[in-house]
Structure formats: structure tokens, C-alpha cells
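Only one structure is covered here, and it is reproduced in the block below.
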Amino acid sequence: VPAALGAALPAAPVYREDNMFLRLWPCAALLVASPVWACSTCQCGDYTVTLMGVEKAYAGRLRVSYETQWREEAQGTRGVDERVSEEVRQVLGLSYAFNANVTVALRVPYVQKQFNDASGGGQQAAGLGDADLIAQAVIGRSRAPSRHLWGVQTGVRLPTGPEQRAQGRMIDIDAQPGTGAVTPSLGGFYRYYRFPHFTAASVVWSDPQEGDQGFDGGRAVVATLSQQYALSQDVSLQLSLEARDSAQHRYDGVADPNSGGWVSYATPGIGWRVAGDWLLYAQAQLPIADDLNGRQREEGEIRAGLVVDLSN
Amino acid sequence: MKHLQLPCALALGLTLAACGENEIRDPARAEIKALATGAESSSESTKNFRRAQGELIELETGLVNIYPLGLEPCATASARSRVIGALGALLPAAQAHGSHFIEAPPGVFDAVRVADGVEQDLGSLSPAGGSYCGLRVALVPVVGEGELSGKTFAVGPCYYGQSAGLPTQLAALTPHECWASLAAEASLERVVDLGQPLDLGGGKGGQKIVLTVDYSTWFDGLDMEALQAGEADAVAALTANVLASVTASSEATP
């Protein structure tokens with residue numbers, strides 16, 4: 001069945017109501033490697049997955065998604081000069097598949113950020129964050145049974161988040177919802193379909209340009225490997241390994257010693273098709289190993305969301 | 001039309017969830033000031049006093065690079081001094097030569113050309129909120145260009161060796177020798193007791209710590225001939241005296 005479906009994807013809507021595999025593909029799309037924002041410019045996980053899906057696309061597919069992400073990180077020495085940052089992102093997304101090979105997407109985040117310093121000081125701000133424009137293209141697939149698929153993706157993060165102020169003063173970049181930077185990215189992906197198993201892997205490179213307040217995020221490479229297992233037609237379990245290696249951030253040309261380095265997570269998750277094309281999902285990152293520069297820690301991310309396919 | 005309901009609902013939810021307020025909470029901060037004391041009389045270019053042994057000293061140069069390293073929590077603070085660098089490494093430590101004016105680099109405490117009681121800015125500290133009982137200060141080498149570069153302090157006394165027991169007017173007529181500057185390179189640090197606990201954070205506002213430097217004690221007990229000759233032990237004793245001359249008090253700021 002998967003092989004036949006793989007070959008018949010342009011006609012997928014015909015099958016979707018009747019075939020368990022097709023019904024579960026959206027779950028796969030949700031559960032395989034998803035976005036993690038280590039900071040405004042960092043990420044660990046392939047953020048295109050939730051929005052664009054990892055199932056084989058079909059012409060005219062329109063998808064809307066909403067996701068809430070929570071994460072925390074800290075730099076410095078606890079009780080001395082530590083800065084603990086907390087971030088909640090609510091991301092509205094839209095993707096459209098022109099055909100089985102080309103999909104484009106837009107993500108618009110609303111970001112609430114705050115940090116608290118050991119000195120008792122702190123700042124918080126909320127507002128529109130930096131939006132992502134992404135394009136993904138399948139450049140190859142195996143012959144029937146079409147279980148293997150690979151392609152490239154490119155994107156750009158745009159400085160759509162205006163700088164926030166409070167009490168007449170500019171909020172520090174660490175609490176700004178946006179960075180004011182343009183961040184291009186380029187990567188590749190591979191997927192393997194064999195129901196009830198599903199495997200996906202991707203590697204994405206990004207290079208943030210200098211943004212507001214002299215902040216220049218470090219270049220990063222993000223790798224993701226994910227395995228999913230479908231328990232039933234409506235419920236899927238997934239486990240991802242996500243890793244990021246990034247250069248140090250720079251402020252006005254000066255490297256921040258407490259930034260950059262290598263971090264990895266195991267990310268278990270669950271997806272539930274609640275009705276028709278409505279899918280709920282939840283995931284949690286669990287740190288497994290890291291070699292971060294200086295004094296910093298990342299707690300991982302918790303996220304949950306809803307995805308709906310609007311096209312018929 | 002049906003398909004528009006979901007995006008609208010999501011957009012509404014996003015908007016409602018996005019009602020955060022921007023805020024800046026300033027950190028606990030302790031401003032560090034220093035003031036000089038000790039003069040029996042003074043002019044624009046000298047501070048006059050007697051050391052413990054009774055001899056008159058006219059201080060022509062009194063530059064000290066006092067650096068506030070940090071606040072000590074009450075649980076660990078205690079009055080103590082310890083050497084960072086080996087005092088044996090103090091210069092060919094003393095360099096005696098003709099007296100001349102040395103301009104104070106920015107941030108360096110000037111005991112002579114700033115009137116007693118006038119506060120000089122030594123920066124600020126933003127430690128973690130808590131209760132503090134001590135301020136760790138150090139004499140550290142000056143960074144940058146100039147005559148004081150690499151030196152922790154420079155003093156230039158005129159020593160009236162036969163003036164003990166004489167009234168000031170007569171003491172000033174006795175033989176004396178002036179030299180400058182006695183510059184030390186080694187660092188020395190000490191925890192200065194704040195007298196009463198200093199509470200920072202928790203919305204208590206800012207605090208100011210005032211270091212009082214009593215330069216009239218700098219030469220107490222020293223072998224002045226050895227000091228003028230630049231002997232290491234004498235300069236080490238002077239260094240210890242300079243650091244020991246610092247006391248501290250704190251007060252709340254608006």
C-alpha cells in the first residue's frame with residue numbers, strides 16, 4: 001500500500017478518507033523533528049516539518065498550523081551573575097504545495113520573552129517576532145515502491161519584529177521578540193516511508209546577519225533524525241534526536257564567551273488525530289549531551305500545537 | 001467560507017494570548033565612592049599630617065588604584081587581608097627621585113589633589129540580591145598609558161624627620177626630604193567590613209558604599225630611610241598600610 005500511495009500522491013485526496021496510511025501521514029508530519037529555538041537565532045530541530053509536513057505533498061495542499069513553544073536557558077554562574085531567560089512563542093503558520101515536489105511556507109511568531117538576572121534586575125517584552133519564509137523541493141525519490149525521498153530546502157528569516165521599548169528605554173536584545181537580522185538558511189532532507197514506521201533526517205545550515213543592538217548570532221548547523229511509529233489510525237509516537245552546533249554570538253564585533261557550542265536532545269512526542277484533518281500534538285526536548293561554550297545551560301523546549309489541512 | 005473560520009479563530013487566539021506588557025526592572029546596584037581623610041592642614045598640592053611616631057609629613061602625591069572586586073555575603077565575609085601577588089615581587093619597588101606632579105589617571109583615587117571629604121567615583125557593582133557584610137577591594141596595577149601604568153599606587157612624601165614633638169609651625173622649619181614616587185607593582189586585596197549588613201535586591205533600591213581612605217596612617221611604623229632607599233620590605237609595609245587605611249560604610253540611595 002505505501003508503495004502504491006507513493007506513486008499516486010497527486011491523487012491523494014481521493015484516498016485520504018479511506019486509507020489509514022494517508023490519515024496517519026499528517027501525524028507523521030507533526031511528530032517528526034520540529035522547531036526548537038535556543039534563542040532568537042538558534043534552533044535545534046527542523047522547523048519546516050510541522051508546518052510543511054513530511055508526508056508526500058500533493059498539488060494544492062493548504063495547511064494552517066498553530067504552535068505554542070516554551071523554553072528556558074541560562075548564562076553565567078548561578079547566584080553570581082546568572083541570567084535566566086524564558087521564552088514563549090506562539091507561531092501561526094501557513095504552507096502551500098504547488099505540486100508534489102515544491103512547497104512554500106510562512107511562519108509568523110508572536111513572542112513573549114523575559115530574563116531575570118541574579119542581581120534582581122530583569123526585562124520582559126512581547127511582540128511580533130521574526131517571520132520565516134521557507135521553500136522546499138523534492139529532488140529525488142526511489143522507484144516503486146517509493147519509500148525513499150530526498151530534497152533540499154532554503155529559507156530566510158526576516159526582521160519583522162519591531163524593537164520593543166519600556167519606560168522610555170529600549171529593551172535589551174536578550175528580551176527582544178525579534179532580532180532585526182536577516183537569516184538565510186540552506187539544507188537537505190531525506191525521508192523513508194514504511195508504515196507503521198517512518199524515518200526522517202535533515203541537516204540545515206543558517207547564517208544570521210548582524211541585527212539590532214549590534215547582535216550577530218553565530219552560524220549554526222542543525223541536524224535532526226526522527227523515527228515514528230503509528231499505534232493506530234489516530235495515534236502516533238515519535239522519538240527524535242536533535243543536535244545543533246553553532247559559533248559564538250557577537251555583540252558589536254566582540255564574541256560572547258557564554259554562547260555557541262554543541263547541544264543535543266532526545267525529543268519524544270505524541271500525535272493525535274482528533275477529527276478529520278485536525279491534529280493535535282505535543283513534544284518535549286530532553287537534553288542528552290552538550291559541549292556548550294563558557295557558562296550556559298539549555299533546558300530544552302516543550303511544545304504543543306494544532307494542524308489543519310484546509311484543502312480538499 | 002467554512003475554511004476561513006479556523007484561521008480567524010487561530011488569529012484571535014494568538015491576539016488574546018499576546019497581551020504581555022513590556023517592563024524593565026533595574027538590578028540591585030551598589031555605587032562605590034571613596035573619600036580621603038587625615039589632613040591637619042592642606043593646600044592645593046599638599047596634605048599635611050603627622051604619622052603615629054609624631055613626625056610631620058607633607059604628602060605631595062597620593063594616587064592609589066583601589067579596585068572594588070565584589071561584595072562578600074555575610075555568611076563568608078570577615079575582616080582579613082591576603083596577598084594576591086608575592087610581595088617579594090614588589091618593584092625594585094620603590095623609586096626615589098625628585099618630586100613632581102603625577103596626574104591621576106581616570107578612576108584612580110587621588111588623596112592629595114581632591115579635598116578631604118569629597119567623594120570620588122570608583123564605579124558600581126551589581127551583585128546577586130542578598131545580604132552583604134564586606135567589600136573586597138584590591139590595589140591593582142593601572143592599565144593603560146602614563147607614569148602610573150603597571151603601578152598600583154604612587155606616593156610622594158616630604159618627611160620632616162626631626163619634627164616629632166614640635167608644634168606644627170616649628171616642625172615645618174626642621175630639615176626634611178621629599179621624594180616621589182614610591183610606586184608598587186604587586187597587587188594586594190582585602191575584605192573591608194561594611195559595619196552593618198547591606199541588603200540588596202528585592203526592590204530595596206540602590207545603595208552606596210563609601211570607602212574612607214585615611215592617608216595619615218600610610219607611614220605609621222615604617223623605616224622612612226629604608227622607604228626612601230626603596231627597600232622592598234619597607235615598600236611592602238607601605239603597601240599593607242595603604243590597604244589597611246581603607247574603611248567602609250554604606251547608605252541607601254534614592
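Every chain is numbered from 1 and lettered A, B, ... according to where its sequence line falls, protein lines coming before strand lines.
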Where do B:Asn22 and A:Ala126 come nearest, in terms of heavy atoms and distance? OD1-N, 3.0 Å
Close side-chain approach of B:Asp26 and A:Gln167, heavy atoms under 4.5 Å: no
Sort out for me which of A:Gln164, A:Arg165, A:Gln123 touches chain B most, counting heavy-atom pairs under 4.5 Å. A:Gln123
With a sphere of 6.0 Å drawn around CZ of A:Phe115, does it hold more than 12 non-hydrogen atoms of other residues, nucleotides or ligands? yes
Should we count CG of B:Asp233 as having more than 12 external heavy atoms under 6.0 Å? no
Go through the structure and list residues passing side chain to side chain donor-acceptor pair (under 3.5 Å) with B:Asn65, not counting sequence neighbours. none
Identify, with sequence neighbours excluded, every residue that meets side chain to side chain donor-acceptor pair (under 3.5 Å) alongside A:Glu86. A:Trp70, A:Gln114
